[in-house]
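Predicted model only: the values in this text are computed from it and were never measured. Just so you know, ligand 1 is whichever comes first in the structure, and atom 1 is the first atom listed for that ligand. Position 1 is the first residue of the sequence, and the numbers go up from there.
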Amino acid sequence: MRTQVLIIGGGPAGLLLSQLMHRQGIDTLVLERRSRDYVLARIRAGVLESGMVDLLREAGVGERMDREGIVHEGTYLALSNRGFRIDFKQLTGGSVMVYGQTELTRDLYQARDAMEGQVLHEVGRVQIHDLDTDSPHVTFTKDGRAQRIDCDYVAGCDGFHGVSRKTIDPAVLREFERVYPFGWLGILSQTPPVSEELIYASHERGFALCSMRNQNLSRYYLQVSLQDSIEQWSDDAFWDELKRRIPLAAAESIVTGESIEKSIAPLRSFVAEPMRWGRLFLCGDAAHIVPPTGAKGLNLAASDVYYLSRALQQHYNDNDDHGIETYSATALSRVWKAERFSWSMTRLLHRFPDQSPFDWRMQQVELEYLESSVAAQTSLAENYIGLPY
Ligand SMILES: Cc1cc2nc3c(=O)[nH]c(=O)nc-3n(C[C@H](O)[C@H](O)[C@H](O)COP(=O)(O)OP(=O)(O)OC[C@H]3O[C@@H](n4cnc5c(N)ncnc54)[C@H](O)[C@@H]3O)c2cc1C
């Protein structure tokens, strides 16, 4: 078998790249370790920057998002019982779209099917070979049989635990990491969201986030200890704790219900450099992870795909390799800025185990400053809606 661009990973990054390439007449094949049902059952991100929204429309997968997604022109920040709004529209002219990663992935799979795009599921033992030559190839197993695909390029869209990043020569690869000493306990409930916009709440007891997927599907999070387990958190215990951490008006009006999903995610900042090695490109979580506080993980996967799709189009359609040569530096420049924003939001809103009373005061006064300063709010808003591609 042969393809032009072999894509490893059928998550949002891999599917979106495949879709954009196909529309430019460039042949791709996607290898995905899991079944489609498994991929579609994962509950993850839900806030899309406007750059990503445009890219999805360009890929021909924006129709349902435009119909069912909810445009947010602002967000609330709260400190104990006090809250204030950051008005994205007024401060920057921009907005974000609330549309679940699960729905987006479903749209991408449907679009791939409609164009007869090739996605091979439940492949095993994926290995990448000869990346430093002009003719790399990938081997894997499917239904117990060994297979080989030759290609021009490999796009590593296989997430943090994938094989692509690990294929890069350790003498070249540099990794930067910060692991946070807490996690996020998240629940999904079929209840109307407590607020029309997200509420990011800093509290002495820890951070809380009120988010949503649609008008009858809410996503709520609590900062918890990494030692906590799901079993320790009954639905009642979750709702009681959430009500303690969010402003009183929200706590009194929140509609609670049975959770339909509950999970604890650790928080990590991570960047791998370079994002290109020979004929391999890294995209999305394969190259970087952000704590979810700034809603940047999925959006960074999209901006990588934007740069890589342009680079490959230039290569195949214009015989110009400038985009390929500069892909790593261009993508990393935006990645590091989003890393900074996600790290600063995490630092601002969470309680850290080793935090001194001085540190807690600093967080409080930073939020008070943010409440009072248009300049500070503008900076937060322009990062939240997404820096330009
Ligand atoms: C639990 C969780 C919650 C999250 N919540 C948020 C959130 O609230 N907000 C936010 O902005 N971001 C969130 N994120 C981050 C966001 O979901 C990711 O940034 C996004 O999924 C990145 O897309 P991706 O395509 O790069 O990687 P992934 O979605 O991880 O897709 C990678 C794909 O590659 C496949 N794969 C892995 N290894 C192989 C292999 N060897 N061979 C073939 N296929 C392979 C995987 O099965 C997977 O389907 C969350 C992430 C997690 C894990």
Nearest protein heavy-atom contact for atom 47 (O) of ligand 1: which residue, which atom, what distance? Glu32 OE2, 2.6 Å

What atoms of ligand 1 come closer than 4.0 angstrom to any heavy atom of Lys296? 11 (O)

Parallel, tilted or perpendicular, judged at 30° and 60°: which one describes the rings of His350 and Phe207? tilted

Can you report which non-hydrogen protein atom sits closest to atom 1 (C) of ligand 1, along with the distance? Ala265 CB, 4.3 Å

Could you tell me whether some N/O pair between Arg34 and ligand 1 is separated by less than 3.5 angstrom? no

Report, in ascending order of atom number, the atoms of ligand 1 lying under 4.0 Å from any heavy atom of Val126. 42 (N)

Inspect the contact between Arg57 and Asp66 and indicate whether a charged nitrogen and a carboxylate oxygen are less than 4.0 angstrom apart. yes

Are Lys262 and Asp235 within salt-bridge range, i.e. N to O under 4.0 Å? yes

Which ligand 1 atoms does Ala295 reach within 4.0 Å, using its non-hydrogen atoms? 11 (O)

Any N or O on Ile8 sitting closer than 3.5 Å to an N or O of ligand 1? no

Specify the protein heavy atom at minimum distance from atom 12 (N) of ligand 1: its residue, its atom name, and the distance to 0.1 Å. Ala45 CB, 3.4 Å

Counting distance only, does the side-chain N/O of Gln19 pair as donor-acceptor with the main-chain N or O of Ala59 below 3.5 Å? yes

Should the proximity of His161 to ligand 1, defined as any heavy atom under 4.0 Å, be assigned to the side chain, the backbone, both, or neither? neither

Begin from the C-alpha positions of Ser269 and Tyr180 and carry the test side chain to side chain donor-acceptor pair (under 3.5 Å) through to its verdict. CA-CA 8 Å; Ser269 297; Tyr180 297 89; 2.6 Å; yes

In terms of residue, atom name and distance, what is the protein heavy atom nearest to atom 37 (C) of ligand 1? Asp158 O, 3.1 Å

Mark the output for Tyr221 as yes if a heavy-atom distance to ligand 1 is under 4.0 Å, and as no if none is. yes

With heavy atoms of Gly9 as the reference, note each atom of ligand 1 found under 4.0 Å away. 33 (C), 34 (O), 35 (C), 44 (N)

Could you identify the single nearest non-hydrogen protein atom to atom 16 (C) of ligand 1 and state the distance to 0.1 Å? Gln101 OE1, 3.6 Å

Is it true that Arg276 and Glu325 have a side-chain N and a carboxylate O under 4.0 angstrom from each other? yes

Under 4.0 Å, heavy atoms only, figure out whether ligand 1 is touched by the backbone of Ser211, its side chain, both or neither. neither

If you count heavy atoms of other groups shown closer than 6.0 angstrom to NE2 of His322, is the number above 12? no

Which atom pair, heavy atoms only, marks the closest approach of Leu280 to Ile128? CD1-CD1, 4.3 Å

What is the nearest protein non-hydrogen atom to atom 41 (N) of ligand 1, stated with its residue, atom name and distance? Val163 CG1, 3.7 Å

One finds that the ligand 1 atoms under 4.0 Å from a non-hydrogen atom of Gly162 are 38 (N)

Counting only heavy atoms from other residues, nucleotides and ligands, does the tally under 6.0 Å from CD of Gln355 exceed 12? yes

Just by modelled atom types, is the Leu29 backbone N or O under 3.5 Å from a matching donor or acceptor in the Gln118 side chain? no

Atom 31 (O) of ligand 1 sits nearest the protein heavy atom Gly11 CA, 3.6 Å

Which one of Arg36, Arg44, Arg33 has a non-hydrogen atom at the shortest distance from atom 5 (N) of ligand 1? Arg44

Evaluate the criterion side chain to side chain donor-acceptor pair (under 3.5 Å) for residue pair Arg148 and His129; output intermediate values, then yes/no. CA-CA 10 Å; Arg148 167 182 170 141; His129 310 269; over 6 Å; no

Does the side-chain contact (heavy atoms from CB on, under 4.5 Å) test come out yes or no for Gln363 and Leu367, once each step is laid out? CA-CA 6 Å; Gln363 282 180 323; Leu367 277 164; 5.6 Å; no

Go through ligand 1 atom by atom and flag the ones less than 4.0 Å from a non-hydrogen atom of Leu31. 43 (C), 44 (N)

If you count heavy atoms of other groups shown closer than 6.0 angstrom to CZ of Arg361, is the number above 12? no

The protein heavy atom nearest to atom 19 (O) of ligand 1 is Asp285 OD1, 2.7 Å

Ligand-residue contact atoms, ligand 1 with Pro12, heavy atoms, under 4.0 Å: 23 (O), 25 (O), 29 (O)

In terms of the angle between their ring planes, are Tyr389 and Tyr306 parallel, tilted or perpendicular, with boundaries placed at 30° and 60°? tilted

So the atoms of ligand 1 within less than 4.0 Å of a heavy atom of Cys157 turn out to be 32 (C), 33 (C), 34 (O)

With respect to Ala13, determine whether any N or O atom, backbone or side chain, lies less than 3.5 Å from an N or O atom of ligand 1. yes

